[in-house]
Asks: 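Dropping the structure in here first, questions after.
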Amino acid sequence: MIQNGGSAIVEPVWSPGELELLGNTFLFRGVERAAVLRAASDPRCSRESFTRGAQIYSPRRFRRSLGVILAGRVRVTKGELVVSTLGPGELFGAAALFHDRPDYETTLTALSPCSAAFFPQEQVAELLRDTPGAAANYIRYLSGRIHFLSRKIEGLTAPGAAGKLARCLLAEGGVLSCTATELARRLDVSRASLYRAFDTLERAGAIRRTGKRIEVLSTAELEAAIETEPS
């Protein structure tokens, strides 16, 4: 059966590897295998494959289902902004559940041939009602998404690398200790941009670096970096 204008093919059979992957997703982690098998074998659940470039969800074309990537990679965008990239075992579609808004918030595009499982809202509601472990996992997942999006917003509102670093240091309360690689990943900037930001804030007298340790010397200078740095 072909759907989505020829870009999706319904696949009714689960492989052992896919079932194992499903059991290790955030939703089913620690849940009894019997509950995983019930969810996978439920006729309301579907599996589909998508060609590279196919839109899996978009603001006007989506389903009230929680999805799980089984294979391949999927890019999540909001307009021109790349929000994230999803791989096997990662969830999507939570923003489509349990409300009546007509639009979905982002666009999900297959970066490679991929496949996904879809659990419709009704099935998800029953799973959360009947399986406490899955309910707790889902709450943790949503909480994690809130923190992720908050960090994204902070990154977007900071004018540049120095502004992002300044916001991060202000939030940490004065001292931060981590590697440059870890911090660059956290701020979503390159290592070169991060080192330039270090130089800018050190010259301004805002921070002092000693190895992996970054100490705030002037919160006023950090705030000024956020306000004045060009984007």
Asks: Measure the shortest side-chain to side-chain distance between Leu222 and Val216 over non-hydrogen atoms and say whether it is less than 4.5 angstrom.
Replies: yes
Asks: Roughly how far, to the nearest 0.5 Å, is the CZ atom of Arg167 from the CD atom of Glu223?
Replies: 10.0 Å
Asks: Step by step, would you call Arg64 with Glu122 a salt bridge (charged side-chain N to carboxylate O under 4.0 Å, His left out)?
Replies: CA-CA 9 Å; Arg64 303 288 181 187; Glu122 180 183 67; over 6 Å; no
Asks: Measure the CZ-CG distance between Arg191 and Leu183 for me, rounded to the nearest 0.5 Å.
Replies: 10.5 Å
Asks: Taking all heavy atoms of Pro102 and all of Phe62, pick out the closest pair and write down the distance.
Replies: O-CE2, 3.4 Å
Asks: Taking only residues two or more places apart in sequence, or in another chain, which ones meet Tyr57 in a ring pair (Phe, Tyr, Trp, His ring centres under 6.0 Å)?
Replies: Phe92, Tyr104
Asks: Say you draw a straight line from OG of Ser177 to CD of Glu182; how long is it, rounded to the nearest 0.5 Å?
Replies: 8.5 Å
Asks: Compare every heavy atom of Ala71 with every heavy atom of Cys114, then report the nearest pair and how far apart it is.
Replies: CB-O, 2.8 Å
Asks: Taking the side chain as every heavy atom from C-beta outward, state whether Trp14 and Leu70 have any atom pair closer than 4.5 Å.
Replies: yes
Asks: Answer yes when Asp42 and Arg44 have at least one side-chain N-carboxylate O distance shorter than 4.0 Å, and no when they do not.
Replies: yes
Asks: Taking only residues two or more places apart in sequence or in another chain, which ones pass side chain to side chain donor-acceptor pair (under 3.5 Å) with Arg29?
Replies: none
Asks: Can any side-chain N or O of Ser143 pair as donor or acceptor with the backbone N or O of Ile139 at less than 3.5 Å?
Replies: no
Asks: Apply the test side chain to side chain contact (heavy atoms under 4.5 Å, CB included) to residues Phe118 and Ile56: give CA-CA distance (whole Å), side-chain angles for both, the deciding distance (0.1 Å), then the verdict.
Replies: CA-CA 11 Å; Phe118 295 88; Ile56 300 173; 4.0 Å; yes
Asks: Answer yes if Val175 and Leu194 sit in the same cluster of Ile, Leu, Val, Met, Phe, Trp and Tyr residues linked by side chain heavy atoms under 4.5 Å apart, and no otherwise.
Replies: no
Asks: Given Thr109 and Arg73, is the side chain to side chain contact (heavy atoms under 4.5 Å, CB included) satisfied, shown in steps?
Replies: CA-CA 9 Å; Thr109 305; Arg73 297 170 63 246; over 6 Å; no
Asks: Answer yes or no: does atom CD of Glu202 have more than 12 heavy-atom neighbours from other residues, nucleotides or ligands under 6.0 Å?
Replies: yes
Asks: Where the side chain of Thr25 meets the backbone of Leu22, is there a donor-acceptor pair that is under 3.5 Å apart?
Replies: yes
Asks: If you define the side chain from C-beta out and look only at heavy atoms, does anything of Cys168 sit under 4.5 Å from Leu176?
Replies: yes
Asks: Are any of the side-chain nitrogens in Arg209 or Glu215 under 4.0 Å away from the carboxylate oxygens of its partner?
Replies: no
Asks: Got Leu108 and Gln55 here, is their nearest side-chain heavy-atom distance under 4.5 Å?
Replies: no
Asks: I'd like to know if the side chain of Glu18 reaches the main chain of Ser15, judged simply by a donor and an acceptor atom lying under 3.5 Å from each other, with no hydrogens or angles considered.
Replies: yes
Asks: Begin with the C-alpha distance, continue with both residues' side-chain angles, and end with the deciding distance and a verdict on side chain to side chain contact (heavy atoms under 4.5 Å, CB included) for Phe28 and Leu127.
Replies: CA-CA 10 Å; Phe28 290 105; Leu127 176 68; 3.8 Å; yes
Asks: More than 12 foreign heavy atoms under 6.0 Å from CZ of Arg129: is that the case here?
Replies: yes
Asks: Flag the pair Val76 / Leu86 as yes when at least one side-chain heavy-atom distance between them is below 4.5 Å, and no otherwise.
Replies: yes
Asks: Measuring from Leu169:CG to Leu165:CG, what's the distance to the nearest 0.5 Å?
Replies: 4.5 Å
Asks: Step by step, work out the side chain to side chain contact (heavy atoms under 4.5 Å, CB included) result for Leu97 and Leu66.
Replies: CA-CA 7 Å; Leu97 303 183; Leu66 184 67; 4.0 Å; yes
Asks: Does a donor on one side chain and an acceptor on the other come within less than 3.5 Å for Arg196 and Ser193?
Replies: yes
Asks: What is the minimum heavy-atom distance between Gly72 and Ser112, and which atoms define it?
Replies: CA-OG, 3.5 Å
Asks: Search all heavy atoms of Ser218 against all heavy atoms of Gly205 and return the closest pair with its distance.
Replies: CB-O, 3.8 Å
Asks: So do Arg185 and Asp188 actually touch side chain to side chain, heavy atoms under 4.5 Å?
Replies: no
Asks: So, taking the atom named CG in Leu201 and the one named CD1 in Ile214, what distance separates them when rounded to the nearest 0.5 Å?
Replies: 9.0 Å
Asks: Would you call Arg63 and Glu48 a salt bridge, using N to O less than 4.0 angstrom?
Replies: yes
Asks: May I ask you to decide if Val83's main-chain N or O and Lys78's side chain share a donor-acceptor pair within less than 3.5 Å?
Replies: no
Asks: Any chain of hydrophobic side-chain contacts (each under 4.5 Å) joining Leu111 to Ile69?
Replies: no
Asks: Does Ser65 reach the side chain of Phe119, with side-chain heavy atoms less than 4.5 Å apart?
Replies: no
Asks: Any donor-acceptor pair under 3.5 Å linking the side chain of Ser58 with the backbone of Arg61?
Replies: yes
Asks: Report yes if some heavy atom in the side chain of Tyr141 is under 4.5 Å from a heavy atom in the side chain of Asn137; otherwise report no.
Replies: no
Asks: Could you tell me the separation between the CZ atom of Arg208 and the CG atom of Leu217, rounded to the nearest 0.5 Å?
Replies: 5.0 Å
Asks: Please determine whether side-chain hydrogen bond (donor to acceptor under 3.5 Å, both in side chains) holds for the pair Arg213 and Thr210, giving the CA-CA distance in whole Å, both sets of side-chain angles, and the decisive distance to 0.1 Å.
Replies: CA-CA 5 Å; Arg213 178 184 170 89; Thr210 307; 5.9 Å; no
